[in-house]
Amino acid sequence: MRSLELVRIEAGLHDWASMACGCSRYPNRYPAEHIPRALIRLLEGDPKDLDIKWAENHAVIQSNLMEPAVATASLAVAALAGRPPGGVREDLLYLLNILGSGEQEDVADACLDVARQGVWLYYEELAAFEMEGAAVEAYELLSRMDEQAERLAAYHRVYRDRLPSDLR
């Protein structure tokens with residue numbers, strides 16, 4: 001699976017051992033090395049749906065972004081670039097939306113900057129409309145990117161009828 005290879009490469013670009021994981025509890029400090037391992041393990045299986053449990057309470061706790069949030073966003077974009085199954089794409093897009101809207105604005109902005117690297121993946125998801133949930137997550141993610149307003153409006157005019165009524 002291409003996603004798996006891309007995630008392995010991307011995971012190697014980050015110093016996960018130096019990041020405190022969200023599962024750390026004072027006074028214990030656990031490194032975040034298990035975050036990429038969890039995603040890789042899930043992708044090695046036969047995931048129809050990935051869910052975001054591999055990142056919950058590690059990169060994000062409710063709406064609070066933890067130290068590995070930005071690196072986790074890069075894993076999600078890398079996995080999306082490998083064109084995984086539709087349910088997996090929906091879950092990864094959902095995670096990027098969560099990371100790009102967390103309470104720590106500086107970290108959320110950095111996560112959104114990482115997400116911007118995959119902008120054409122999100123437009124393709126919207127245009128292909130293979131899974132409504134994935135297309136909606138892609139639309140929501142693009143709507144967070146102010147610089148995409150004009151382009152998203154053009155796509156919206158073309159694909160409006162496919163979108164759920166609350167996005168029309």
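Given the structure is predicted, the values throughout are model-derived calculations rather than measurements.
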Under 4.5 Å between side-chain heavy atoms, hopping through other hydrophobics if needed: is there a path connecting [X] to [Y]?
| X | Y | result |
| --- | --- | --- |
| L13 | L75 | no |
| L99 | L80 | yes |
| L167 | Y94 | yes |
| I9 | V114 | no |
| L96 | L43 | yes |

- prompt: Between E124 and R89, is the closest basic N to carboxylate O distance under 4.0 Å?
  reply: no
query: Backbone N or O of L65 within a donor-acceptor pair of the Q104 side chain at under 3.5 Å?
result: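 Yes; judged by distance alone, with no hydrogens or angles, the pair exists.
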query: Got a donor-acceptor contact below 3.5 angstrom from the W16 side chain to the A11 backbone?
result: yes
Quick one: are [X] and [Y] in side-chain contact, heavy atoms under 4.5 Å?
| X | Y | value |
| --- | --- | --- |
| D113 | V70 | no |
| V7 | E10 | no |
| E132 | P164 | yes |
| C23 | H34 | yes |
| R83 | E125 | yes |
| L93 | L121 | no |

Quick one: pull up [atom1] in [X] and [atom2] in [Y] and give me the separation to the nearest 0.5 Å.
| X | Y | atom1 | atom2 | value |
| --- | --- | --- | --- | --- |
| L4 | R41 | CG | CZ | 12.0 Å |
| H156 | D161 | NE2 | CG | 9.5 Å |
| M19 | H14 | CE | NE2 | 6.5 Å |
| M145 | L152 | CE | CG | 10.0 Å |

For a quick test of reading the model, state the closest non-hydrogen atom pair linking [X] to [Y] and the distance between them.
| X | Y | result |
| --- | --- | --- |
| E103 | N64 | OE1-OD1, 3.8 Å |
| F129 | R162 | CZ-O, 3.0 Å |
| H58 | C21 | ND1-SG, 3.3 Å |
| S101 | A108 | N-CB, 4.1 Å |
| A59 | A69 | O-CB, 3.6 Å |
| R29 | S18 | NH2-O, 2.6 Å |

message: Would you say the rings of Y155 and Y123 are close, in the sense that their centroids are separated by under 6.0 Å?
response: yes
Residues 133-144, side-chain donor-acceptor partners within the protein, below 3.5 Å, at least two apart:
from	atom 1	to	atom 2	distance (Å)
E137	OE1	N97	ND2	2.8
S143	OG	E140	O	2.6
R144	NE	N97	OD1	3.0

message: Other residues, nucleotides and ligands only: do more than 12 of their heavy atoms fall within 6.0 Å of CD on Q62?
response: no
message: Out of the candidates I40, D91, L39, only one should pair with W54 under the side-chain contact (heavy atoms from CB on, under 4.5 Å) rule; please name it.
response: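 So the option named by the test is L39.
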